[in-house]
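Remarks on the structure that follows.
Both backbone and side-chain heavy atoms feed into the values below; hydrogens, waters and symmetry mates do not. Just so it is clear, the model here is predicted, and its values are computed rather than measured. Each residue takes its place number in the sequence, starting with 1. When a ligand or atom number is given, it counts from 1 through the structure's own listing order.
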Amino acid sequence: MKFETIAIHSGAGSDPGTGAIAPPIHLSTTFLRGADGEPVAGFGYVREESPTQERLETALAAIDGGAAALAFASGMAAGAALLQALPRGSHVLLPSDGYYTYRALAAEQFERWGLTWDVVAMHDLGAIRAAMRTETKLVWMESPTNPLMQISDIAAVADLSHRAGAQLVVDGTFATPALQQPLSHGADVVLHSTTKYLGGHSDVQGGSLAFQEKGTFFEASNRVRTLIGGVASPFNSWLVLRGIRSLPARMRMHCENAAAVAEWLVRNAAVDVVHYPGLKSHPGHDIARKQMSSFGGMLSFQVKGGREEALAVASRTKLFTPATSLGGVESLIEHRATSEGPSSTTPVNLLRLSVGLEHPDDLIADLEGALSFLH
Ligand SMILES: *Cc1c(COP(=O)(O)O)cnc(C)c1O
């Protein structure tokens, strides 16, 4: 089946008790046990597994083409469970550009978890090779990256990781499974912050891990989740499941709108550089074409000037709302260096856009108005 069909029908099926077409939300925290003390329907306690979450996990595995998937309370909870599943003494390679909080997690928690790490430029295969150690167990990459929109070659990094005896996890939040299928390019695990495009309406937090194999890495991550409790709630599972149904349709329009905005920004005199993998001028464009079916709804650009000019632009837009996060139907603009805080390495003149589903003409007119004072 094609992706659009999988997105609609995975984890669906009418409710056997009532015939309801929309999936029921089972809020129960505990489930009936039989005379032998065992759960009668396979569910025991909500921290372990629950029916709405199970439907979501069926869908998550299907849309990423994985053997199994786990639903979490957030993208960070998903990533942390994977990292805590590594044996003590493991070495991890993290991307130099990528979701900032994972690098904060490394700096503040890895030592306590018995992990060591290095930060490398993940689009540079030579740099990855040079950073590999015998105890490297996990390579962590994002493509496209947050916020510089760098592209890494998933198949090449997977190959390099496997030769060194490490597994590859790809944070595919920006691309979503609608545009990019990391497991089919050799990744072992794909992570999403479902808070973003999978939820799609800026009203639910969640995370997911989909695994190439239902093996020891899956089991260990599942065990961490059960013990620590970072599982998705029934209601949040339901919202993410609902979001998945319209993901392919939304992504088509996000891509169209972002491409229009990117092409317009490139020609604007107040803009220094535009980071969007759909532009032919983007250094990762050819690799992006190879591994993505389209280029997504996220982009960033650097204004001529510095922090003040960038902040001024973000405060002058009317449709692009100044806020962090991404992937909702409404367009957002963010001064990323401020959100990341004092240790951020993001250029101070950079603005990140989550291009929503408004009409592209209105979005472009909004940016035109906000940038005009810089000409
Ligand atoms: C938001 C985000 C995360 C973290 O997800 P939360 O749901 O906020 O915990 C991880 N990776 C990327 C690329 C993100 O954008």
Side-chain angles (χ1 to χ4, degrees), residues 56 60 64 69-84 92 94-106 108-109 119 122-123 138 140-152 154 168-180 182 187 189-210 221 224-225 228-233 235-237 239-240 243-244 247 251 254 258 275 277 292 295-300 323-328 332-334 336 339-341 344 346 350 352-356:
L56 171 61
L60 289 170
D64 265 319
L70 296 169
F72 289 86
S74 70
M76 286 308 299
L82 193 74
L83 290 157
Q84 290 182 316
V92 179
L94 293 174
S96 54
D97 190 58
Y99 192 65
Y100 172 78
T101 318
Y102 288 116
R103 290 196 300 280
L105 189 72
E108 295 172 33
Q109 303 294 329
V119 171
M122 280 294 160
H123 56 288
L138 188 69
W140 187 293
M141 73 175 248
E142 233 175 87
S143 191
T145 62
N146 181 3
L148 286 177
M149 305 300 297
Q150 290 169 353
I151 301 292
S152 300
I154 300 171
L168 173 67
V169 56
V170 176
D171 182 336
T173 299
F174 273 29
T176 83
L179 308 181
Q180 177 175 277
V189 186
V190 53
L191 178 152
H192 301 290
S193 167
T194 58
T195 314
K196 315 294 169 55
Y197 287 107
L198 272 69
H201 297 77
S202 306
D203 56 10
V204 59
Q205 185 174 52
S208 70
L209 296 175
S221 306
V224 169
R225 188 185 66 174
I228 296 179
V231 69
S233 73
F235 186 57
N236 285 6
S237 295
L239 281 170
V240 174
I244 288 172
L247 178 70
M251 289 317 293
H254 280 299
H275 306 284
M292 298 175 80
F295 305 103
M298 294 301 298
L299 63 90
S300 59
T324 194
S325 201
L326 58 117
L332 301 177
I333 187 165
E334 183 188 30
R336 192 68 193 154
S339 299
E340 291 182 345
S344 167
T346 297
L350 180 140
R352 191 184 79 175
L353 299 183
S354 174
V355 181

What atoms in ligand 1 come closer than 4.0 Å to a heavy atom of S74? 7 (O), 9 (O)
Ligand-side contact atoms (ligand 1) for residue partner L326, heavy atom cut-off under 4.0 Å: 15 (O)
pair P144-M292: side-chain heavy atoms closer than 4.5 Å: yes
Would you call the rings of Y197 and H254 parallel, tilted or perpendicular, where under 30° means parallel and over 60° means perpendicular? perpendicular
Within the distance-only criterion (no hydrogens, no angle test), does the side chain of S152 pair as donor or acceptor with the backbone N or O of M122 below 3.5 angstrom? yes
Counting from 1 in the order shown, the ligand 1 atoms closer than 4.0 Å to a non-hydrogen atom of G206 are 7 (O)
N/O to N/O below 3.5 Å, does that happen between Q205 and ligand 1? no
Where on L191 is there a heavy atom closer than 4.0 Å to ligand 1, on the side chain, on the backbone, on both, or on neither? neither
Could you tell me whether the side chain of T346 and the main chain of R336 form a donor-acceptor pair under 3.5 Å? no
Mark up the atoms of ligand 1 that fall under 4.0 Å of a heavy atom belonging to M76, in ascending order. 5 (O), 6 (P), 9 (O)
Just to be sure I'm reading this right: ignoring hydrogens, which of H192, E142, K196 gets closest to atom 15 (O) of ligand 1? Compare them by their nearest heavy atoms. K196
Could you tell me whether the side chain of R103 and the main chain of G98 form a donor-acceptor pair under 3.5 Å? yes
Check each atom of ligand 1 against the heavy atoms of G75 and keep those under 4.0 Å away; list them by number with element. 5 (O), 6 (P), 7 (O), 9 (O)
Is L326 close to F174 at the side-chain level, that is, under 4.5 Å between some pair of heavy atoms? yes
Is G79 near ligand 1, meaning one of its heavy atoms is under 4.0 Å from it? no
Please check if the side chain of H201 supplies one atom and the backbone of G199 the other of a donor-acceptor pair under 3.5 Å. yes
Is there a polar contact between ligand 1 and Y102, counting only N or O atoms under 3.5 Å apart? no
Atom 5 (O) of ligand 1 - nearest protein heavy atom and its distance: S193 OG, 3.0 Å
